[in-house]
Amino acid sequence: NLIVQKQIGCKQKNKIQTVSNSTIRYFIGVLILSGYVHVPRSRMFWVKEQDAHNDLIATAISRDKFDFVMKHLYFTDNNFLVLRDKFAKI
């Protein structure tokens with residue numbers, strides 16, 4: 001169901017890219033790991049400097065794929081939102 005919502009969000013913004021179940025799992029893993037490993041910006045996990053680079057993250061998912069999923073992942077379909085509900089997207 002999460003993948004279907006993800007693909008709907010991409011189609012609404014005319015962004016077509018395949019996202020597999022394993023990519024979503026890696027994405028969620030990076031979010032969990034980023035709670036334990038602190039860097040000023042999430043993009044620093046993929047830099048080459050040893051003080052910020054994380055091999056586990058860099059080999060699991062590419063920076064561009066992570067950014068794409070972060071930008072286009074939605075848990076609600078905008079077509080079915082109640083307009084008067086101020087907290088519908090939270």
Side-chain angles (χ1 to χ4, degrees):
N1 192 14
L2 182 60
I3 298 296
V4 173
Q5 290 296 99
K6 164 82 180 69
Q7 291 172 348
I8 289 171
C10 291
K11 288 179 183 176
Q12 288 175 350
K13 293 188 174 198
N14 294 324
K15 302 280 185 179
I16 306 300
Q17 188 171 357
T18 303
V19 177
S20 65
N21 287 332
S22 61
T23 302
I24 295 295
R25 286 187 190 111
Y26 294 144
F27 173 78
I28 292 170
V30 170
L31 293 179
I32 292 170
L33 189 61
S34 67
Y36 294 102
V37 179
H38 298 285
V39 291
R41 294 178 311 278
S42 64
R43 300 192 99 191
M44 292 183 74
F45 287 126
W46 290 272
V47 297
K48 298 297 179 190
E49 289 81 19
Q50 283 187 327
D51 60 342
H53 181 79
N54 190 309
D55 283 330
L56 183 65
I57 292 174
T59 56
I61 187 170
S62 71
R63 183 195 69 213
D64 294 337
K65 183 71 84 169
F66 179 84
D67 287 343
F68 181 82
V69 174
M70 180 67 94
K71 184 175 181 181
H72 295 98
L73 182 66
Y74 297 100
F75 293 98
T76 60
D77 188 352
N78 290 338
N79 296 324
F80 299 106
L81 288 179
V82 178
L83 297 178
R84 286 183 261 150
D85 186 5
K86 294 180 181 180
F87 298 103
K89 287 195 170 189
I90 294 180

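Note that these values count all heavy atoms, side chains included, but never hydrogens, waters or copies made by symmetry.
Applying the side-chain hydrogen bond (donor to acceptor under 3.5 Å, both in side chains) test to pairs two or more places apart or on separate chains, none has a residue in residues 28-38.
Within the model, atoms CD1 of Ile32 and CZ of Phe27 stand 11.0 Å from one another, a figure rounded to the nearest 0.5 Å. Residue Phe66 holds its CZ atom at 5.0 Å from CH2 of Trp46, rounded to the nearest 0.5 Å. In this structure, CZ on Arg43 lies 7.0 Å from CG on Asp64, to the nearest 0.5 angstrom.
With hydrogens and angles disregarded, no donor-acceptor distance shorter than 3.5 Å links the side chain of His53 to the backbone of Lys48.
Of the residues Ile61, Val37, Asn54, Leu56, the one that meets the side chain to side chain contact (heavy atoms under 4.5 Å, CB included) test with Val30 is Ile61.
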